[in-house]
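Atom set for the values below is all heavy atoms of this structure, side chains included, hydrogens, waters and symmetry mates excluded. Quick note: residue numbers are just sequence positions, from 1.
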Amino acid sequence: MKDETRTRLAGLVLVASGALLGYFGLVSPLLAAEAGKAEVRTSLKATLFAPTALLLGLLLVALPPRLFARGAAPTWLVDADSRRLGLGGYVLVGALLLLGLALHVWVQSRLSELGYA
């Protein structure tokens, strides 16, 4: 399989995973609360990783695959030799995880507005 196809496929898997996590971690609990269900559960993991998977997957699908070729990514983002994140990669993933944490706090506050503890 060509590298371009593998990159796009990985992006699609991440987008699908992010969408599923977003549905089960964000949408489903809010719909259950608005329907007046007796018990509503949320998942911190789902709300943390949903935006991370979704946005990183969209980047893999939307950006040209040559950006992900070995040695093509900026070294501050990814070190191609060790295949580890650089400082910029950690900052990017950290920002996406903070976005997920903010979403979790928002869902919790919305649930408390609807009368759930």
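The distance from atom CG of L44 to atom CG of L103, rounded to the nearest 0.5 Å, is 11.5 Å. Interatomic distance, CG of L101 versus CG of L97, reported as 9.0 Å (0.5 Å rounding).
Residues satisfying the salt bridge (charged side-chain N to carboxylate O under 4.0 Å, His left out) test with R41, not counting sequence neighbours, are E39. Residues satisfying the side chain to side chain contact (heavy atoms under 4.5 Å, CB included) criterion with L99, sequence neighbours excluded, are P51, L55. Every residue two or more places apart in sequence or in another chain that forms a side chain to side chain contact (heavy atoms under 4.5 Å, CB included) with V27 is listed here: Y23, L31. For F24, the side chain to side chain contact (heavy atoms under 4.5 Å, CB included) criterion is met by L20, not counting sequence neighbours. S43 meets the side chain to side chain donor-acceptor pair (under 3.5 Å) test with no other residue; sequence neighbours excluded. By the side chain to side chain contact (heavy atoms under 4.5 Å, CB included) test, L21 pairs with A46, F49, A50, sequence neighbours left out.
Note on residues 46-56: pairs passing side chain to side chain donor-acceptor pair (under 3.5 Å), not counting sequence neighbours, are T47-H104. Here salt bridge (charged side-chain N to carboxylate O under 4.0 Å, His left out) pairs that include residues 45-59, with residues two or more places apart or in two chains, number zero. Within the structure, salt bridge (charged side-chain N to carboxylate O under 4.0 Å, His left out) contacts touching residues 101-114 (residues at least two apart or in different chains) are E34-R110, R110-E113. Sorted by first then second residue, the salt bridge (charged side-chain N to carboxylate O under 4.0 Å, His left out) pairs that include residues 11-24, not counting sequence neighbours, number zero.
When every heavy atom of A33 is checked against every heavy atom of L111, the shortest pair comes out as CB-CD2, 3.4 Å. The two atoms that bring T42 and Q108 nearest to each other are OG1-NE2, 2.7 Å, heavy atoms only.
One hydrophobic cluster holds both V40 and L114 under the rule that ILVMFWY side chains link at heavy-atom gaps under 4.5 Å.
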Review point. Side chain to side chain contact (heavy atoms under 4.5 Å, CB included) between L56 and L92: does it pass, once the steps are laid out?
Key: CA-CA 10 Å; L56 290 178; L92 175 64; 4.1 Å; yes
Exercise for review: Check the pair L54, V15 against side chain to side chain contact (heavy atoms under 4.5 Å, CB included), reporting the backbone distance first and the verdict last.
Suggested key: CA-CA 4 Å; L54 190 62; V15 167; 3.9 Å; yes
